[in-house]
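Worksheet for the structure shown next.
These numbers were taken from a predicted model, which means no experiment stands behind them. Scope of the values below: all heavy atoms of this structure, side chains included, with no hydrogens, waters or symmetry mates.
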Amino acid sequence: MRRARLTLAWLAVVALVATGCTLPAFAPRTDAERADEPRGAGAAQWRPCPEVADELVGRGAPEMRYDCARIAVPRNWGDGSGATAGPGSGETFEIALLRARSTKQRDRIGSLVLNPGGPGGSGVDTAVYLSFGPAFGGLPDSVTQRFDIVGFDPRGVARSSPVECISDAELDASFGADPDPRSQSAFDDYRALNQRIGRSCADRYGDQLALYGTEQAARDMDAVRAAVGDDKLTYLGYSYGTLLGATYAQLYPERVRAFVFDGAVDPRQDLIAGSESQAKGFERAFDNFTRWCTANAGSCPLAPDARGAVTAAIDTARVSPVRGADGREATAGWVFYAIISSLYTESGWQQLARALDRLEDGDPAEVFTLADAYAGREEDGRYSNLFDANLAVNCTDATRKPSVERIRQLQSQWRERYPLFGPALAVGMLACVEWPGQPDPYPTGAATGAPPIVVIGTTGDPATPYEQAPALASMLGVGRVVTWEGEGHTAYPQTSCVNGAIDAYLIDLTVPREGLRCPAR
């Protein structure tokens, strides 16, 4: 069974190098509905859908019922009531919802709406995973017995009018490419790949690419709130989901009941600042891995010099990649993404050490297992639309894009500062630089009028480094930071300290005390 923690690890991702960053219809609006609700909002028409859990994990969670619905939202919200001009005017997207409800539910508070991050992660899938409870890394029983757990796939993602414009071959080429293309010809080849991807998406979606930004999705989330029947929203957002939630809190502060942001994104960072922040975060997490490796040499065959062993594995893969049983070569890119994937959870460290040890012996299977988990690549070579959506959202949000010449400079500079991850984070910006869609920036201000919002930061987080948590809390003006002194990406629900603080907040609206720090274990 796939555990929720592992799923969040690879779904809750800010764009790196690869590409940058049968349900019933929604009920029609009636005159009796509240005039201040989003256009098209009404009670969701639910129908049982146990097959979703069966497909994902082979069965549903004990004492859980699964129901699904679809709602229709304007493609272009315009001023918030639906656009009358511009791309997508008068058209709709379908948003897929899944509700997990405990048969032991009592004193129901409402719905806990989820977003797993990405952007591009499926909230429908995440609601299923988190419904399995603490034994499998899911939500505490105290939460699932008071809330419906509601996941939605944001516009463009998975089951919600998905963006699909990047071929499996292009994704294979992107993930397999050298993470640090030093020669001008190699750099130009990587840029050309991103140009081809951009043209393909422009040919398919044209000016509608501008409709996949975070602000539009935040307005969809208010339609989700109305559809589940809550006057105020209770929300749990991971990684990019913190940015989505922060945007909602600025747009609709009076409709916030309780928001938890785990693995915070600082909305005020531009493309360069965000990429450099991740370079720092991954280097820090990798240093933590190397210290663990040295202290646990019996479990880490890369000791005593894990950094040297990892660097050597990438260098060897550049010139002599090992071929797997299916004929795929474990190039430097695939090895790099195995490393990236392993750093999202502390439990991935030992798997990375074993994978690289076996790679040296001529077996790349575990390298591909790690890398494919990050990429969302199936055994048959097919991909989900995770990175199609990731690119569409991130590049629509990005308003300040560096020149190609600036990226080339940063590649060299960051190689010195962040030798393992810096160059890849620099050249990864090419994806948005070559993106054809028009930008649509989200707001970056205070959530004036909202109640306290809890922001969790993990000190060893590689993808959303800890420093972004207090930055987000400060920007909102109503943030309260909870610090987890742990490793990996996101913290809840992992330890009793974090769980106790967050559960009390979600259920009783008890705000964690100022300066709360939770130990790793």
Side-chain angles (χ1 to χ4, degrees), residues 1-13 22-24 46-70 96-105 111-118 120-141 143-145 147-153 157-160 162 168 236 238 325-326 338 341-342 344-345 347-348 350-351 354-355 365-366 368-386 389 488-490 492-494:
M1 177 177 170
R2 292 159 59 188
R3 296 184 58 172
R5 292 300 316 146
L6 295 179
T7 302
L8 290 173
W10 68 267
L11 286 181
V13 162
T22 55
L23 304 178
W46 300 100
R47 64 107 175 153
C49 57
E51 68 276 5
V52 178
D54 291 343
E55 180 182 345
L56 290 172
V57 295
R59 64 178 176 88
E63 300 172 333
M64 277 288 174
R65 172 186 170 90
Y66 302 97
D67 299 287
C68 293
R70 286 186 180 275
L97 313 178
L98 179 139
R99 179 181 68 191
R101 176 178 286 178
S102 172
T103 59
K104 292 185 175 181
Q105 189 180 94
S111 295
L112 174 60
V113 176
L114 308 172
N115 181 276
S122 168
V124 168
D125 292 0
T126 302
V128 171
Y129 294 132
L130 290 183
S131 73
F132 274 82
F136 297 97
L139 293 170
D141 294 339
V143 172
T144 58
Q145 291 175 10
F147 292 94
D148 294 338
I149 308 306
V150 176
F152 73 101
D153 290 351
V157 174
R159 304 164 185 84
S160 295
D168 294 337
L236 171 59
Y238 293 96
D326 62 355
S341 181
S342 72
Y344 275 85
T345 59
S347 61
Q350 189 168 354
Q351 188 176 2
R354 185 173 61 245
E366 287 205 53
F368 285 132
T369 296
L370 279 168
D372 289 352
Y374 174 84
R377 188 185 193 273
E378 301 294 339
E379 290 184 1
D380 61 5
R382 292 183 299 174
Y383 288 82
S384 70
N385 89 315
L386 171 63
H489 186 41
T490 75
Y492 177 75
Q494 293 199 57

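- Here the CD atom belonging to Gln105 is positioned 13.0 Å from the CD atom belonging to Glu63, to the nearest 0.5 angstrom.
- With contacts defined as side-chain heavy-atom distances shorter than 4.5 Å, the pair Glu366/Arg354 qualifies.
- Rounding to the nearest 0.5 Å gives a distance of 9.5 Å between CD of Glu379 and CG of Asp326.
- Side chains of Ser131 and Tyr66: a donor on one and an acceptor on the other come within 3.5 Å.
- The minimum heavy-atom distance linking Ser111 with Phe147 is given by the pair C-CD2, 3.9 Å.
- Among all heavy-atom pairs drawn from Phe132 and Gly60, the shortest one is CZ-C, 3.6 Å.
- Judged by distance alone, with hydrogens and angles left aside, the side-chain atoms of Ser341 form a donor-acceptor pair with the main-chain N or O of Leu370 at under 3.5 Å.
- Taking OH from Tyr383 and CG from Asp168, the interatomic distance works out to 7.0 Å, rounded to the nearest 0.5 Å.
- Between Thr103 and Met64 there is no side-chain heavy-atom pair separated by less than 4.5 Å.
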Stepwise salt bridge (charged side-chain N to carboxylate O under 4.0 Å, His left out) check, Arg159 with Asp153
CA-CA 6 Å; Arg159 304 164 185 84; Asp153 290 351; 3.1 Å; yes

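- Here Arg65 does not pair with Asp148 in a salt bridge; the nearest charged N to carboxylate O distance is not below 4.0 Å.
- Val52 has its side chain within reach of Val128: a pair of non-hydrogen atoms, C-beta onward, lies under 4.5 Å apart.
- Side-chain atoms of Leu139 and Leu112, non-hydrogen and from C-beta on, do get closer than 4.5 Å to each other.
- At a threshold of 4.5 Å between non-hydrogen side-chain atoms, the residues Phe136 and Tyr129 do not count as touching.
- Taking the side chain as every heavy atom from C-beta outward, Ser342 and Gln351 never approach each other to under 4.5 Å.
- A pairwise comparison of heavy atoms in Pro62 and Arg59 identifies CD-NH1, 3.5 Å as the closest pair.
- Pairing each heavy atom of Gly121 with each of Pro116, the nearest pair is C-CG, 3.6 Å.
- Test Leu114, Leu98, Val113 against Ile149 for side-chain contact (heavy atoms from CB on, under 4.5 Å) and you get one pass: Leu114.
- Looking only at side-chain heavy atoms (C-beta outward), Val157 and Pro162 stay at 4.5 Å or farther from each other.
- In this structure, Arg377 CZ and Ser384 OG are separated by 12.5 Å, a value rounded to the nearest 0.5 Å.
- Separation of atoms SG (Cys68) and CH2 (Trp46) is listed at 7.5 Å; rounding is to 0.5 Å.
- Nearest heavy atom pair, residue Ala127 against residue Gly151, reads CB-N, 3.6 Å.
- Salt-bridge annotation for Asp67 and Arg99: present, with a side-chain N of the basic residue lying under 4.0 Å from a carboxylate O of the acidic one.
- In this structure, Gln145 and Lys104 have side chains that are in contact, with non-hydrogen atoms separated by less than 4.5 Å.
- Ring-plane geometry between Tyr344 and Tyr374 is classed as tilted, the angle between the planes lying from 30 to 60 degrees on a 0 to 90 degree scale.
- Residues Gly120 and Ala389 share a closest heavy-atom pair of CA-CB, 4.0 Å.
- The salt bridge (charged side-chain N to carboxylate O under 4.0 Å, His left out) search around Glu378 returns none, not counting sequence neighbours.
- Between the OG atom in Ser122 and the CG atom in Asn115 there is a gap of 9.5 Å [rounded to 0.5 Å].
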